Amino acid sequence: MKNLELQKEIHTTKTLCNGQCKHGPIAVLYPQGTWYKKMDKTKSKELIHKLEENENVHLGSELYYHDGKTFKNQKSE
């Protein structure tokens, strides 16, 4: 983020367990409400680049997402 000068657009916060430690590390994208599981350096870079390009962010690791009405779990579909 620093190299891309996105510190003003993207804010990161380190948290303790969000109840999904078994799927960690977790990244949560707001305001969309999408939770990404098993994030690593490669997936993090991909997420940041897609956000920078204003693309629809789909990494294939979504754990939860918001459909406009409620949160859904990928496994429940």
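As a basis for the values below, the full set of heavy atoms in this structure was taken, side chains included, without hydrogen atoms, waters or symmetry mates. One is the number of the first residue; the rest follow in order along the sequence. Not measured: the values here are computed from a predicted model.
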Exercise: identify the closest heavy-atom pair between I26 and M39: C-CG, 4.5 Å
What's the spacing between [X] [atom1] and [Y] [atom2] if we round to 0.5 Å?
X   : Y   : atom1 : atom2 : answer
I48 : T12 : CD1   : OG1   : 8.5 Å
D40 : K45 : CG    : NZ    : 10.5 Å
K38 : K22 : NZ    : NZ    : 10.0 Å
K37 : Q20 : NZ    : CD    : 9.5 Å

